Amino acid sequence: MIRIEQLHVRYRTERGEVYAVRGIDLNVKQGQFFTLLGPSGCGKTTTLRSVAGLEKPTAGEIYVGDEIVFSSVKGLSVPPYKRDIGMVFQSYAIWPHLNVFENVAFPLREMKKRVAQDEIRSRVRTALSLVQLEGLEDRPAPFLSGGQQQRLALARALVREPRVLLLDEPLSNLDAKLREETRVELRELVKRLGITTLYVTHDQLEALTMSDVVAVMDGGNIVQEGSPVEIYRAPRDRFVANFIGLSNFLEGRVTKVGRLGEVESSGATLKCVLPDGVATGDSVIVVIRPEDLNLYTGAATQNDNILEGKIEALIFMGDTLECQVAVGKQIIRIKLHPSSPAARGETVRLQLPAESCRALRA
Amino acid sequence: MGETLRLHLWQHGIFLLILFLVLAPLAFLILGSFSTARLPGDFSLDAMGLVNYIKVYSDPGTFEIFSNTVIYVAGSTALALALAVSLAWLVERTNMPGKVLVYAGVPMTLAVPGMLQAMAWVLLLSPRIGFINQLLKDIFGPETPIIDVYSLGGMVFLEGLRLVPTAFLMLVPLMRSMDPTLEEAAAVSGARPLSTLRKVTLRLLAPALVAVMIYQAMTALEVFEIPGILGLPAGIYVFSTKIYAIVRTATFMPVYGQANALAMVYLFIAVATTFFYTRMIGRAERYAVITGKGYRPRQLDLGKWKIPALGCALLFLFLSIVLPFLVFLYASFLPYLQAPSWNVLKALTLKNYRLLAEYGEVGSALKNTVLMVGATATATVVLSFLVSLVVIRSKFWGRKLLDQMAFMPHAIPGIVMGIAFFWLFLKIDFLPLYGTIWAISIGFTISFLAYGTRSMNAALLQIHKELEEAAYVSGAPPWRTMWRIFVPLMMPTLVGVWIWVVLHAVRIAGMPLMLYEGPKNQVLAILIWNMWDEGYVPAVAAIGTLLMIVLLLLTLAVRLLGFRRQTMQIGGT
Ligand SMILES: Nc1ncnc2c1ncn2[C@@H]1O[C@H](COP(=O)(O)OP(=O)(O)OP(=O)(O)O)[C@@H](O)[C@H]1O
Ligand SMILES: [Mg+2]
């Protein structure tokens, strides 16, 4: 539904050139909820705006539906107002001089084919009820709360029933509680309508809970693309592992290859999942999530993949207790139940389940 | 694609239009300065040369003009600054009572046209007819020394008064936002209030004061009406009036080339000061003693000086608005000009007003003025809006240049602009513009473009870019977006600029005088000028009274509508 091929965007500024997007390829299928996730300044917004036509890429091709909307080779660039899209901006961009009704009616009034008054009224009402803003039609737009503005922006983006919906951090201006509720609502709404959605966020939780597919971006490139589970369970490199969730990193050297190979690290031998094509003697980084580790104060029930260490710090975080264990020179973080009896200075043993340890090429 | 192309055409169209409107008159002005032909617009090569320059700059009279101009500009700027600093300091940093009167009253003085104010003071202080002088003679006998307003001193005094409101409006926010701890530090170090004022407050304000000073000096340099009314009759010339005299005095065959040559130096000074000013502004911002925090500055207790201070402030308002208005009001009911007395009060008449209604030229001048002012204000608003849209909101290659072009006419004195357009319209005679009100309209529009685009740029920058982009992705092409998003969001600025232009176009006489041909393009300002010249003083008073009332109401409207930013930039003439 949205296809991007070899997209490059460079900005020319007074202080030289900014190479914001460096050759992105992606393909969003009909009805998919596709998220671009990455740290600030990695080029997410630029990519999204290129799809909308608000930014003119330096090179590449963009297709929306079956239609080609941008091609540097063909010298083609369909202006935004002729693309079949709806968009929600980070600031919501609610026009302050129009009331709620007129904000939503705006796209209908700008349609090529004139829409009759009655139809405008009924379609605006439908759009407003989708986002639960019925009854606020006459309210001047500046008199809406943040959450209401966000929903109004969504209604305005949906009212033309576009085939593609573009969302740029639409939840970032909401407070934490509201953001959580809206995440679920928003995904359900677009899924119900079957609209293909391209979503931009730097919030990993949003990306993981809402998306069908997540593309993690860094420095203008897509570094990994996959389902939320894949991205979380099998990060392809250190950046992704670090950016999404908490990870422990153990440096080591491969001593035995195989699907479950062996890596020597911190004086111990760890069984772990090796990437394809590594050879004995290669240096690797073993990644393990804090919630996958087991901590024993007495004897361990298993003898495999054991590291010994001392508890350095305990941080109470409400639903979990983060425990930092010094193993050799490294600190390993573990998530424990808050009522766990661990104490500072105690010598403990950590057990790393082999299936949860993933070695990445260093 | 077609729409993108159309957008490009539009942008280039505006770019070329502004380029032409700004550069063409200047080109003709410069060419004309080398032309020795007796007829303007004749640039045949055999009649070109440096003769004009030699003639003008070897004339000892020119040196006198130069020194007059320096005295007049320096004197009025110094006076204005001293008054404005005192007033701003009194309202912002002391506990003087009645501040509201000053806050409200000082900007209102902008509503009194410079020409009318000068005339009012002539009625008070001219050697022969001046009411005050007559009073002095009545009391002390005919031999007493009198105050002659037809002098450099008179010009300095009046222009000094006229420059106060703009300087005041520029200074008040500075005084208000100055960090009071800096002064408090001086106070706890043992400095007395007055030496704190001198050693800390004024020092901190110095960069900003210099910026205000240059701005005011430019205004004084440019103003035509005050030296025109007060200097011309006594043969005291400054640059602006000399240029006018060369072209417009009927006794000689006009020597346009010489006027142009004189205008060159004038143009040069103006452009150089603007350059200096813009650099100065940058520096003033870098000093950054002024912070944006909203603290309440310490207020000096004036003690027993409270009432005298208020008295001085009110005296300024009295001299600037009340007195000129009263003089005009009084004179407008006179059968013939005479000083106030009991006998006169009985003879007051409405005859002058009746005369105005019957006098044909008033009607046509009024019609011309309304058309000219309306066209100017509308054209300025539309053109500035389009220029600013391109400058702020497009990626058009020439947007920076366009912005500078729109700002440049600000540096060019009205009288120079007038003479430049005079040449232009004579030359492009395939357009029947010469001698019409539209010629005046075009000249004014270019002059006001700088103000218009400054205001619109600022307003456009405040409109979040996503409000515009949301319209595009909602399917609105650029011109629909302009119409449905920008125009309504900018409405306060559009109206504000419109009123500002009306206020100025209606009262400036300099440029219209250069483009004036006869009754066909006579506007109110010229009519007043001519009637004054011919001595119809009570009739002038009647028109002036009405004009002042209208302008006061308009100024009031601007304030009430809350265009504070615009009003703060109103320059005085
Ligand atoms: N108009 C512009 N001119 C110059 N550089 C720009 C422009 N817009 C973006 N950039 C630069 O391009 C890079 C990518 O910006 P982009 O807005 O796409 O980041 P982002 O991933 O959306 O970040 P964020 O999460 O902070 O919104 C950044 O380095 C940014 O500074
Ligand atoms: Mg962004």
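Order of the sequence lines fixes the chain letters, A, B, ..., with proteins taken first and strands second; residue numbering starts at 1 for each chain. Source: prediction; values computed, not measured.
Of all residues spanning residues 467-489 of chain B, those with a heavy atom less than 4.5 Å away from chain A's heavy atoms are B:L467, B:E469, B:A470, B:A471, B:Y472, B:V473, B:S474, B:G475, B:A476, B:P477, B:P478, B:R480, B:R484, B:I485, B:P488, B:L489, arranged by number.
Environment of OH in A:Y19: crowded, with over 12 heavy atoms of neighbouring residues, nucleotides or ligands closer than 6.0 Å.
Side-chain contact between B:F444 and B:V501: absent, with no pair of heavy atoms (C-beta onward) separated by less than 4.5 Å. Inter-residue side-chain proximity for A:I2 and A:F34 is flagged as unmet; no heavy-atom pair is nearer than 4.5 Å.
Within the 4.5 angstrom heavy-atom criterion, only side-chain atoms of A:R160, from C-beta onward, approach chain B. Neither the backbone nor the side chain of A:L108 comes within contact range of chain B, judged by heavy atoms closer than 4.5 Å.
By the ring pair (Phe, Tyr, Trp, His ring centres under 6.0 Å) test, A:Y199 pairs with A:F33, sequence neighbours left out.
Ring geometry, B:F396 versus B:H12: the interplanar angle exceeds 60°, so the pair is classed perpendicular (tilted spans 30 to 60°).
Taken from NZ in A:K44 to CZ in A:R49, the straight-line distance is 14.0 Å, to the nearest 0.5 Å. With rounding to the nearest 0.5 angstrom, the CG atom of A:L178 is 7.5 Å from the OG atom of A:S145.
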